[in-house]
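These notes concern the structure reproduced below.
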Amino acid sequence: MTTAPAPEPAHPDPAPFTTADHAARMAAAARAAADSGLAGLLIAPGPDLAHLTGYRPTAETERLTLLVLAAGRDPVLVVPALEAPDAARAPGAGALTLRDWTDGNDPYALTAPLLDAGGRFGVSDNTWALHLLGLQKELPTTSYAPLTEALPMLRAVKDDRELARLAAAAAAADAAYAQILHVPFAGRRESDVAADLAGLLRAHGHSQVDFTVVGSGPNGANPHHEAGDRVIRRGDMVVLDFGGLKHGYGSDISRTVHVGEPTAEEQRVHDIVREAQQAGFAAVRPGAACQDVDRAARAVITEFGYGDRFIHRTGHGIGVTTHEPPYMVEGEEQPLVPGMCFSVEPGVYLPGRFGVRIEDIVTVTPDGGRRLNDAPREMAVVE
């Protein structure tokens with residue numbers, strides 16, 4: 001396999017989150033639940049648990065693990081006894097009570113007294129039905145709402161330490177993009193270039209690669225094309241969209257390159273998308289609605305006659321996952337708040353021909369917005 005140039009030295013690792021950081025997050029989440037009329041929150045293993053406690057169980061299991069949060073009460077993490085030592089080492093463990101259970105005992109009976117009978121609880125989206133039904137059997141008058149419905153902005157506003165991690169992840173993605181421009185494209189499969197991208201993300205400190213979209217020629221007209229066996233040819237537009245996790249926080253960047261010199265039409269479409277991306281970024285400011293970012297980017301593409309070829313939302317939030325609320329889409333009236341981070345990624349997709357997408361991660365500042373990605377947005381020519 002062709003390899004890219006060796007990466008430059010990585011930036012120093014950010015300072016770890018403290019028990020105080022996680023205590024503040026759990027307290028804020030409990031207050032937000034109470035303000036929304038919820039009796040509390042039930043958080044299963046996944047991104048919400050990692051954000052609130054720093055605990056990331058190493059494997060999915062049918063054994064109940066559940067963080068119970070309620071305003072005015074100490075947080076409690078229910079865990080299987082065999083996993084309790086790992087949970088006790090989590091950064092946020094000092095701010096909660098561990099309650100373990102052993103095989104052969106009923107974990108739902110153990111958990112039920114922690115919940116208000118008849119209360120309505122926000123539940124992390126990835127909670128297993130097995131566990132929710134087990135709790136409901138113990139407390140049949142309780143009710144539940146998914147967190148994306150009950151508290152969609154729970155993780156949306158990032159603090160300075162989180163922003164530093166997102167900036168580091170974005171810088172790593174920028175570095176990977178700079179290097180991928182130097183590998184051969186023509187005559188190689190999409191999957192070969194995707195493997196190079198994955199390797200570069202890891203070389204620049206990513207612990208997890210979530211996606212490496214390489215859409216060449218007509219495949220670029222599919223926004224979520226999975227890199228396959230198509231051999232890239234001279235004359236192809238190639239959409240690159242890649243990201244993952246570094247220091248537990250996400251990267252996500254899209255650029256569109258051309259193998260050899262582009263045609264006038266290809267350059268024009270790329271220029272339109274670049275103008276739309278700039279318009280979406282310029283719309284970012286505190287108090288603006290999420291949909292305003294979508295409207296600004298979409299207006300440019302529509303003005304040039306490609307409105308029906310922009311077939312997805314303009315952006316999505318990013319944090320401990322690469323896709324999370326808020327969403328930059330028509331109908332989303334959530335106001336932007338300093339510290340929110342999300343993508344701005346308009347695109348134009350011409351079926352059977354080519355596609356163009358340009359994406360940066362942006363954070364809201366007190367007086368506007370700031371791009372976390374600095375990679376050039378002009379169309380690069382590759383070989």
Side-chain angles (χ1 to χ4, degrees), residues 177 185 190 193-194 211-228 230 232-243 252-284 288-318 322-323 326-332 342-362 371 373 375-382:
Y177 173 70
F185 278 67
E190 293 173 339
V193 177
F211 49 90
T212 50
V213 173
V214 179
S216 64
N219 289 341
N222 176 359
H224 283 173
H225 171 70
E226 293 189 8
R230 183 182 186 274
I232 301 170
R233 307 166 186 167
R234 288 194 65 81
D236 280 346
M237 292 277 261
V238 184
V239 176
L240 305 173
D241 182 356
F242 52 97
D252 189 357
I253 185 174
S254 297
R255 294 293 186 265
T256 303
V257 303
H258 199 277
V259 186
E261 293 299 323
T263 66
E265 180 191 19
E266 290 168 334
Q267 184 65 60
R268 178 174 178 272
V269 173
H270 192 279
D271 289 345
I272 291 168
V273 174
R274 184 154 65 99
E275 183 177 337
Q277 208 264 352
Q278 174 60 31
F281 169 69
V284 176
C290 290
Q291 67 181 5
D292 293 340
V293 178
D294 182 86
R295 288 174 175 178
R298 201 168 298 276
V300 173
I301 291 174
T302 299
E303 176 187 353
F304 286 100
Y306 292 98
D308 63 339
R309 297 293 90 209
F310 181 10
I311 56 177
H312 54 73
R313 65 196 176 204
T314 293
H316 57 81
I318 190 169
T322 49
H323 289 75
Y327 298 105
M328 308 302 113
V329 66
E330 181 65 31
E332 179 52 80
F342 48 84
S343 66
V344 178
E345 51 176 307
V348 168
Y349 307 94
L350 304 180
R353 301 183 62 204
F354 63 88
V356 176
R357 183 164 65 258
I358 301 172
E359 172 187 17
D360 292 323
I361 298 302
V362 171
R371 283 187 168 99
N373 291 107
R377 283 164 284 278
E378 298 82 9
M379 180 159 52
V381 173
V382 296

Determine, for [X] against [Y], whether the closest basic-nitrogen to carboxylate-oxygen distance falls under 4.0 angstrom.
| X | Y | result |
| --- | --- | --- |
| Asp294 | Arg313 | no |
| Glu265 | Arg353 | yes |
| Arg377 | Asp360 | yes |

(request) Determine, stepwise, if the pair Arg233 / Phe185 fulfils side-chain contact (heavy atoms from CB on, under 4.5 Å). (result) CA-CA 8 Å; Arg233 307 166 186 167; Phe185 278 67; over 6 Å; no
Using a 3.5 Å distance criterion without hydrogens, assess whether the side chain of [X] forms a donor-acceptor pair with backbone atoms of [Y].
| X | Y | result |
| --- | --- | --- |
| Glu275 | Val300 | no |
| Arg255 | Ala375 | yes |
| Gln291 | Gly331 | yes |
| Asn222 | Asn219 | no |
| Glu266 | Thr263 | yes |
| Asn373 | Ile361 | yes |

Report yes if the side chains of [X] and [Y] come closer than 4.5 Å at any heavy-atom pair, otherwise no.
| X | Y | result |
| --- | --- | --- |
| Val259 | Ile232 | yes |
| Cys290 | Tyr327 | no |
| Val356 | Tyr306 | no |
| Arg309 | Pro351 | yes |
| Gln277 | Arg357 | no |
| Met379 | Pro262 | yes |
| Val329 | Glu332 | yes |

(request) Please say whether more than 12 non-hydrogen atoms of neighbouring residues, nucleotides or ligands are located less than 6.0 Å from CD in Glu226. (result)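 Atom CD in Glu226 is not crowded, with 12 or fewer foreign heavy atoms closer than 6.0 Å.
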Where [X] and [Y] come nearest, the two heavy atoms and their spacing:
| X | Y | value |
| --- | --- | --- |
| Gly215 | His225 | CA-CD2, 3.7 Å |
| Ala194 | Ala227 | CB-CB, 3.7 Å |
| Tyr177 | Ala380 | OH-CB, 3.7 Å |
| Arg234 | Gly260 | NH2-CA, 3.5 Å |
| Pro223 | Ile311 | CG-CD1, 3.9 Å |
| Pro346 | Ile301 | CB-CD1, 3.9 Å |

(request) Compute the centroid of each ring, for Phe211 and then for His224, and state whether the two points are separated by less than 6.0 Å. (result)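 Not close enough - the centres of the two rings lie 6.0 Å or further apart.
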(request) Begin from the C-alpha positions of Val214 and Leu240 and carry the test side-chain contact (heavy atoms from CB on, under 4.5 Å) through to its verdict. (result) CA-CA 5 Å; Val214 179; Leu240 305 173; 4.1 Å; yes
(message) Could you tell me if Arg298 sits above the aromatic ring of Phe310, with its cationic atom closer than 6.0 Å to the ring centre and no more than 45 degrees from the axis?
(response)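 Cation-pi check for Arg298 and Phe310: passes.
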(request) Evaluate the side-chain contact (heavy atoms from CB on, under 4.5 Å) criterion for residues Asp236 and Phe354: first the C-alpha distance (whole Å), next the side-chain angles of each, then the deciding distance (0.1 Å), finally the verdict. (result) CA-CA 8 Å; Asp236 280 346; Phe354 63 88; over 6 Å; no
Among side-chain atoms of [X] and [Y], is any donor-acceptor pair under 3.5 angstrom?
| X | Y | result |
| --- | --- | --- |
| His316 | Asp252 | yes |
| Ser254 | Glu345 | no |
| His258 | Gln267 | no |

(message) Could you measure the distance from the CD atom of Glu359 to the OG1 atom of Thr314? Nearest 0.5 Å is fine.
(response)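 That separation rounds to 11.0 Å.
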